[in-house]
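Presented below is the structure to which this report refers.
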Amino acid sequence: MITREEIANVLDQPVYDGDGNKIGDAKHVFFDDMTGRPEWVSVKTGMLGSSESFVPVRDAALVQDHLEVPYGKDQVKGAPTVDVDAGGHLSESEEHRLYDYYGINFDSVLSEAERTDDGRWAAGPGTAGAAGTVGAAGLAGTGRAGTDGGTTGREDAWDRADMTDERAMTRSEEQMHIGVERRESGRARLRKYVVTEEVQQTVPVTHEEVRVVREPITDANRDEALAGPEISEAEHEVTLHAERPVVETETVPVERVRMTMEEHTENETVRGQVRKERIEAETELIEEDDMRRDRE
């Protein structure tokens, strides 16, 4: 069990289970109003400390810079959610429910609470004080109804012998810390596929045609014209040529496509709630008649 002197070293420090897994950070320590001994520690868990779980500290130990509890991380995070009243106390039913969850006999807790730290008996059976909370420094709360319907002894935070300054108390407040997490938001890919397009192009082509040319007999061609027989049959053949379009395809690279990623920063407004403590001074005036009677 941690001692009162170790409270300052526990608050806002990491809390680990027996296997070395971090559960969260210790935020509040709850004391028994009768014995003044630490009973519970609240641990901030979840994303950005969004949840708070209660853990018994009767078997906890302060190890170097962290608190170690004999309960698994999942067990602590799955602890019942309890309400703390405005005075910083757990009700009897809430405590009972938490002890049942952690497998601790509630009757044995009451028996231990009947003795003070120096071994003296407290107010008697059924009057064990409930758990009141402590923040970054001093105690808060003054007790609650006992298990038998009676009331516990009033434990005033100002009457603590181990308080450094009996005329001062520490005011604490919560601060909201905003972080960011990187997660997958989508996927992008390049995909290549083949399409067929109709291409039209005009190309000139040539062909040969036969044209009959008749020439009169002249002195220039007379000898050639009279070189053959006078009367005969003959034929003369020539080969005609024509061009036609021929289509061939060739694969050539025309473009290179790649993907790049760019980060764009946007501003988002995050809202949350934080708790702050307020301290007010109260003055109780003594009536003049009472002062006169005291003098007499």
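Ring orientation note: the planes of W40 and Y99 are tilted relative to one another, at an angle of 30° to 60°.
In the hydrophobic clustering, Y16 connects to no other residue, as no ILVMFWY side-chain heavy atoms lie under 4.5 Å from its own.
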Only pairs under 3.5 Å count here: list side-chain donor-acceptor contacts from residues 242-261, not counting sequence neighbours, and write none if there are none.
from : atom 1 : to   : atom 2 : distance (Å)
E243 : OE1    : T206 : N      : 2.9
E243 : OE1    : T206 : OG1    : 3.1
E243 : OE2    : T206 : OG1    : 3.3

Distance-only donor-acceptor pairs under 3.5 Å for side chains of residues 60-70, two or more places apart:
from : atom 1 : to  : atom 2 : distance (Å)
H66  : ND1    : V63 : O      : 3.2

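Listed by chain and number, the residues in a side chain to side chain contact (heavy atoms under 4.5 Å, CB included) with E208 are L240, H241 (sequence neighbours excluded). R275 is linked by a side chain to side chain contact (heavy atoms under 4.5 Å, CB included) to H28, E52, E174, counting only residues two or more places apart in sequence or in another chain. Every residue meeting the ring pair (Phe, Tyr, Trp, His ring centres under 6.0 Å) condition with Y102, not counting sequence neighbours, appears here in chain and number order: Y71.
Using a cutoff of 4.0 Å between basic side-chain nitrogens and carboxylate oxygens, R182 and E263 are scored as salt-bridged. Checked for salt-bridge contact, E173 and R171 meet the test: a charged N lies under 4.0 Å from a carboxylate O.
For the pair N221/E215, a side-chain contact is recorded, criterion being any heavy-atom separation below 4.5 Å from C-beta on. Residues V82 and L98 form a side-chain contact, since some pair of their non-hydrogen atoms from C-beta on lies under 4.5 Å apart. Two residues are said to be in side-chain contact when any heavy atoms from C-beta on lie closer than 4.5 Å; D25 and D12 fail this criterion.
Among all heavy-atom pairs drawn from S172 and E277, the shortest one is N-OE1, 2.7 Å.
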